[in-house]
Amino acid sequence: METGCLVCAEDIHKSFNGVRALKGVSLFVPQGEYVAILGPNGAGKTTFVEIIEGIQTPDRGSIRIKGLSWKKNAHELHKIMGLSLQETKFFERITTLETLRLFASFFELGESRVQEIIEMVNLRDKVSARTVHLSGGQRQKLALGLAILNRPEVLILDEPTTGLDPSARREIWNILCDLKAKEKTSLILTTHYMEEANFLCDRIIMMDQGLIIKEGTPEQLLKESGKANLDELFIYLTGRGLSDETVSKAN
Ligand SMILES: Nc1ncnc2c1ncn2[C@@H]1O[C@H](COP(=O)(O)OP(=O)(O)OP(=O)(O)O)[C@@H](O)[C@H]1O
Ligand SMILES: [Mg+2]
């Protein structure tokens, strides 16, 4: 186990009816680091982050967050984690404001935090709208607002900007940048947008077929590969298949 890590995921394996979604994935995230997980559809990103979030249990491997485990310390972990899933479902018949107040009550947070979040995610003019009537971008902003409501030490966002227009995406980036400047939050984010990973994150993890195939800072990855940009690197890495070395590590 690495020292100084807030999130320590070690040698995580997971299969679904013979499909090996994760074949031994490890990730160590210190306090305050922003990490992006990239990879093609089906690479195992959601499975991996849902295991860190305690939503799924691994077949093998260990998860420790601040030294705590989901098995023994679920209550404590819920207090320090914030998350948004790849597809967020809200209670459709209640409003944005009621949704925020409901979640705030779970954490015993008062109205002032609810109002602060409404400002942060810029949903002032939608407070009275039922969640069923929110647009895709507004839903993503509400999901992010709920995820950061309890000032989490660890924030995990599964494709928070997929399907958003460029300005809505920028809005989410700005909220996350503000958070990085003001709090000591660690972020694990999955995305299909190289620009997003590059803009927001200190480190990029590339996954394919249930394995980490490359990781490093955006600068390191580009320098090492000689590619002009991260899109090219992604296509190069995932298009050529896995190296013999990576495959042998998985078996
Ligand atoms: N509950 C499940 N039952 C069966 N197979 C599953 C289940 N969850 C995931 N899988 C399989 O595990 C693999 C990894 O899926 P996962 O959702 O983790 O990928 P992903 O990298 O998040 O993909 P995407 O970019 O499309 O969101 C896929 O082959 C998927 O079909
Ligand atoms: Mg996914």
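Indexing begins at 1, ligand by ligand and atom by atom, following the structure's order.
- Nearest to atom 16 (P) of ligand 1 among the protein's heavy atoms is T47 OG1, 3.6 Å.
- The existence of a salt bridge linking E108 and K79 is excluded, since no basic side-chain nitrogen approaches an acidic carboxylate oxygen closer than 4.0 Å.
- Protein heavy atom nearest atom 11 (C) of ligand 1, with residue, atom name and distance: F16 CD1, 3.9 Å.
- Counting only heavy atoms, the protein never gets under 4.0 Å from atom 31 (O) of ligand 1.
- Counting non-hydrogen atoms of neighbouring residues, nucleotides and ligands closer than 6.0 angstrom, the CD atom of E116 exceeds 12 such neighbours.
- Look at E50 and K14 and you find no salt bridge, because none of the NZ, NE, NH1 or NH2 atoms lies under 4.0 Å from a carboxylate O.
- The N/O atoms of G42, backbone and side chain alike, include one that comes under 3.5 Å of an N/O atom in ligand 1.
- In terms of protein heavy atoms, atom 12 (O) of ligand 1 is closest to A21 CB, 3.4 Å.
- Regarding atom 17 (O) of ligand 1, its nearest protein heavy-atom neighbour is T46 CB, 3.7 Å.
- Other residues, nucleotides and ligands contribute more than 12 heavy atoms inside 6.0 Å of the CZ atom of F107.
- Annotation: E195, atom CD; neighbour count of heavy atoms from other residues, nucleotides and ligands within 6.0 Å does not exceed 12.
- Judged by distance alone, with hydrogens and angles left aside, the side-chain atoms of R169 form a donor-acceptor pair with the main-chain N or O of L164 at under 3.5 Å.
- Shown in contact with Q86 at under 4.0 Å from a heavy atom are these atoms of ligand 1, numbered in order with element: 27 (O).
- Residue E159 places a heavy atom less than 4.0 Å from ligand 1.
- In this structure, atom 26 (O) of ligand 1 lies nearest to the protein heavy atom N41 ND2, 2.9 Å.
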Stepwise salt bridge (charged side-chain N to carboxylate O under 4.0 Å, His left out) test for R130 and E92
CA-CA 6 Å; R130 286 185 178 185; E92 295 193 343; over 6 Å; no
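- A donor-acceptor contact under 3.5 angstrom links the side chains of T46 and D158, judged on distance only.
- The Mg ion (ligand 2) does not have T47 among its coordinating residues (no N/O/S atom, backbone or side chain, under 2.8 Å).
- Considering backbone and side-chain atoms together, G39 places no N or O closer than 3.5 Å to any N or O of ligand 1.
- Contact annotation for M207 and ligand 1: no heavy atom of the residue comes within less than 4.0 Å of the ligand.
- Backbone or side-chain N, O or S atoms of T46 reach the Mg ion (ligand 2) at under 2.8 Å.
- Looking only at protein heavy atoms, the nearest one to atom 29 (O) of ligand 1 is V19 CG1, 3.9 Å.
- Annotation: R93, atom CZ; neighbour count of heavy atoms from other residues, nucleotides and ligands within 6.0 Å does not exceed 12.
- Nearest to atom 25 (O) of ligand 1 among the protein's heavy atoms is K45 NZ, 2.7 Å.
- A salt bridge is defined here as a Lys NZ or Arg NE, NH1 or NH2 lying under 4.0 Å from an Asp or Glu carboxylate O, and K184 with E153 fails to meet this definition.
- The shell of residues lying under 4.0 angstrom from ligand 1, judged by heavy atoms, includes H192.
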